[in-house]
Amino acid sequence: MNEMTPPKTERTAALKGLGSARKRVEDARFTQGKGNYVDDIKLPGMLFGDFVRSPYAHARIKSIDAEKAKALPGVIAVLTAADLAPLKLHWMPTLAGDVQMVLADGKVLFQGQEVAFVVAENRYIAADAVELVEVDYEELPVVVDPFKAEAPDAPVLREDLAGKSEGAHGPRRHHNHIFTWEQGDRDATEKVLASADVVAEEMVYYHRTHPCPLETCGCVASMDKVNGKLTVWGTFQAPHAVRTVASLISGIAEHNIRIISPDIGGGFGNKVGVYPGYICSIVASIVTGVPVKWVEDRMENLMATAFARDYWMKGKISATKDGRITGLWCHVTADHGAFDACADPTKFPAGFFNICTGSYDIPVAYLAVDGVYTNKAPGGVAYRCSFRVTEAAYFIERMIEVLAIRLGMDSAELRAKNFIRKDQFPYHSALGWEYDSGDYHTAWDKALKAVDYEGLRREQAQRLEDFKAGKTRKLIGIGLTHFTEIVGAGPVKNCDILGLGMFDSCEIRIHPTGSAIARLGTISQGQGHATTFAQILASEIGIPADDITVEEGDTDTAPYGLGTYGSRSTPVAGAATAMAGRKIRAKAQMIAAYLLEVHDDDVEWDIDRFAVKGAPERFKTMKEIAFAAYNQAIPGIEPGLEAVSYYDPPNMTYPFGAYICVMEIDVDTGEHEIRQFYALDDCGTRINPMIIEGQVHGGATEGYAIAMGQEIAYDEMGNVKTATLMDFFLPTAWETPHYTTDFTVTPSPHHPIGAKGVGESPNVGSVPAFSNAVHDAFRAFGLTQTHMPHDHWRIWRTAHELGLHG
Ligand code: CDP
């Protein structure tokens, strides 16, 4: 140290590293209209594609006549399955080991399915031409109810699978059955349930919904016939995986494919899969020799791209008389729609649903999931969720409430009684997971205290008396949730997508003047990676975050990674970033020792520099070291300062949280008012508290939408009833509740900086909190279970059925 050296606190603050509420660096662009989304990409001579889609949910295609469309001036081509068949591109693999039609091959299986692809000089001509394509359909019987799909006389939906008794995930027992996935100990669980003091049983339905990102899905495909290179700009959450899959199915060598995810306006799982629009645009560009753009509209997005949830979860939970949980049994009927296009790691056909024992120490459990085909759109993506964790959390948090009713117990007390204790971590769950760390009691006590839980219950009891005395028509519901997530897929040993191991990566280059660029295998869709990953690095290598550029999404420059979804970025790519930073630091240590003329072991790290041990006034800052790396000939050390890390996490991370919702319900109108929403999250080491708060606000708002109104609903003919934003609830600022956020910090023991993911947590935790509040409001009148979404009509109907309208 010398007199000019700023104090440690000042040097630490200047880095804006871990824990700093650094403002999002992305926002200067976004708030000034300088974002660069797919639809902003305009290339010379670019054509536009648009789909002819099926009006029927199930029909045979007798003929397609595109002559009138082709005759329209400005129309370049109309592609059908017959055109794609010689290229073997009329079907494509799904992420779940199934296959899916790119363009209808003989029949259609859901309303909105892609039938033909019109390519024209502009979007308007393409849309006009779509109307001119004449398709002769013969309607077939429709199956929208997953329970009826397996009836012996149910229509055969997937004729391509006729006679196949084995699917990608084992035996199929019926022509509309996809798989059965079993976990846990069935015999032991049934034995415990048979002799238990108390068994609560319930059917919990998590309805079909949709991620509905503000920017819909789209791409621009450009085949350069001169250099043989295909470039595709698209709304891809996993650009490298798209490149590999595109290479495998097109036969184009992978080095000749460049996938670029530019700015993405929200993904939430919707942009993980491969859609027919991508394939058709690529083929159209190859055929026409010019770039082709396809961007779907809102109705297409809601009707045809990946849905989420649609799980019917039958549960049984047993306990002793005093409320000690002894066993959990669950059977799920999973409605996958027309093709199994769920985006789950290969070995997990129901994702990580086997986290459904939640935050509780449940000695024995059994889970079976049956996937079935219906005449609905394919998908089954993790909508702001880590592979079915949201469904699992909703299931267990409803089952806890139902059990509390059976026991006549307060559900806060029931939870606390059964939480996994701090000293039990690492905890092995009955369904096979090893939870890395947790301190549930501390979080729970903090949450209950923060909202004055006892006081709320007193107020609720008084309100109930007033209601019964005719003094008010409003009830109070207190919705409790303690959730445990599993995020950060994942260890390559058990997590892959289409055979690609789910590691992630970071490559860092330090420039001679001491600034840096870091490239990652992930891709931000609004989560603020450019801000937070620079913070991780700042703390690791002592270069201010403001001097570090973070770049993602271009497969020609970024190292290979599996992308961003399921809150995996921080647990996996964030870890890779820290590890790459440590490699930089290790080399920097050798350079510093050389410059200071001491042995490597005689220098120590001090925030932004290496100093000689015992002589802190003798040091070299990272800036000086970076310059030396490029201008000094150091014996035994290569010039330059770069590092790359591919990180395969040893385990997933298990963030958790305690959410409490206080809701007022008007029994006469079914309207609700969120009076208070308290969200305590524990995501381990917090990189940027402000971004975490933003993530919680966003996720909880999506959770609010799902719980209180958002759904993809079908009529019996398979018509989508909610394909516009008039019918599909997307909360505006006006409806969005006010949130109070809070936290505890329980670091992950295996993550290099102790961080767990957080992006999905607020969706996972808030849905049961909102829903439990609705249920709780009616608990005194005998309600145990009613299905989401709790829109005004359904709440009114519940009140009516309970006899509250006189
Ligand atoms: O994979 P995804 O980016 O959707 O989720 P995430 O890894 O949970 O990160 C969401 C955002 O929160 C990123 O900007 C993270 O760096 C940030 N975050 C944080 O600041 N601290 C954590 N412990 C976890 C995430």
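Along the sequence shown, residues carry numbers from 1. In listed order, ligands and their atoms are each counted from 1. Note that these values count all heavy atoms, side chains included, but never hydrogens, waters or copies made by symmetry.
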*asked:* Distance to the ring centre below 6.0 angstrom and angle to the axis at most 45 degrees; does that hold for Arg208 and Phe307?
replied: yes
*So between Ser386, Gly528, Ser569, whose heavy atom ends up nearest atom 1 (O) of ligand 1?*
Ser569
*From the options Gln710, Glu760, Arg309, select the one residue that forms a side-chain hydrogen bond (donor to acceptor under 3.5 Å, both in side chains) with Tyr383.*
Gln710
*asked:* When you measure from the centre of the six-membered ring of Phe419, is the NZ or CZ of Arg415 closer than 6.0 Å and no more than 45° off the axis?
replied: no
*Can you find an N/O atom of Gly684 closer than 3.5 Å to an N/O atom of ligand 1?*
no
*asked:* Run Trp444 and Phe483 through ring pair (Phe, Tyr, Trp, His ring centres under 6.0 Å) and show every step you take.
replied: CA-CA 11 Å; Trp444 196 235; Phe483 64 92; over 10 Å; no
*asked:* Using a 4.0 Å cutoff against the non-hydrogen atoms of Ile692, which atoms of ligand 1 qualify?
replied: 19 (C), 20 (O), 21 (N)
*Ligand-residue contact atoms, ligand 1 with Thr532, heavy atoms, under 4.0 Å*: 13 (C), 14 (O), 15 (C), 16 (O)
*Please confirm whether Gly757 comes within less than 3.5 Å of ligand 1 when only nitrogen or oxygen atoms on both sides are compared.*
no
*Any chance you could lay out the salt bridge (Lys or Arg N to Asp or Glu O under 4.0 Å) test for Glu507 and Arg509, step after step, and finish with the verdict?*
CA-CA 7 Å; Glu507 180 202 272; Arg509 288 185 189 175; 3.7 Å; yes
*asked:* Please list the nearest protein heavy atom to atom 3 (O) of ligand 1 with its residue and the distance rounded to 0.1 Å.
replied: His529 NE2, 2.7 Å
*ligand 1 to Lys756 polar contact by distance, N or O atoms, under 3.5 Å*: yes
*For ligand 1, which atoms sit closer than 4.0 Å to a heavy atom of Arg568?*
1 (O)
_Whether Arg421 engages the ring of Tyr440 as a cation-pi pair (distance to the six-membered ring centre under 6.0 angstrom, angle to the ring normal within 45°) should be assessed._
no
*Any Lys/Arg nitrogen of Asp263 or Arg29 sitting under 4.0 Å from an Asp/Glu carboxylate oxygen of the other?*
yes
*Which is closest to atom 9 (O) of ligand 1 in terms of heavy atoms, Thr685, Ile536, Thr570, Thr564?*
Thr570
*Hey, does Val758 come in under 3.5 Å of ligand 1, counting only N/O atoms on both sides?*
yes
*Between Arg686 and ligand 1, does any nitrogen or oxygen pair lie at a separation below 3.5 Å?*
no
*Write out the residue and atom name of the closest protein heavy atom to atom 11 (C) of ligand 1, then the distance separating them to 0.1 Å.*
Gln527 O, 3.6 Å
*What's the spacing between Gln695 CD and Ser567 OG if we round to 0.5 Å?*
7.5 Å
*For ligand 1, find out whether one of its N or O atoms is nearer than 3.5 Å to an N or O atom of Asn688.*
yes
*Show the numbers, then the answer: is there a salt bridge (Lys or Arg N to Asp or Glu O under 4.0 Å) between Asp554 and Arg519?*
CA-CA 9 Å; Asp554 183 341; Arg519 295 191 171 101; over 6 Å; no
*What residue among Arg686, Lys446, Lys449 forms salt bridge (charged side-chain N to carboxylate O under 4.0 Å, His left out) with Asp742?*
Lys446
*asked:* Using the rule side-chain hydrogen bond (donor to acceptor under 3.5 Å, both in side chains), only one of Thr564, Asp504, Thr532, Thr577 pairs with Ser569; which is it?
replied: Thr564
*For atom 5 (O) of ligand 1, find the nearest protein heavy atom and state the residue, atom name and distance (0.1 Å precision).*
Ser567 CA, 3.5 Å
_Closest protein heavy atom (residue, atom, distance) for atom 21 (N) of ligand 1_ = Ile687 N, 3.1 Å
*Is there at least one pair of N or O atoms, one from Ala755 and one from ligand 1, spaced under 3.5 Å apart?*
no
*Please report which non-hydrogen protein atom sits nearest to atom 17 (C) of ligand 1, along with the residue it belongs to and the distance in Å to one decimal place.*
Ile691 CG2, 4.0 Å
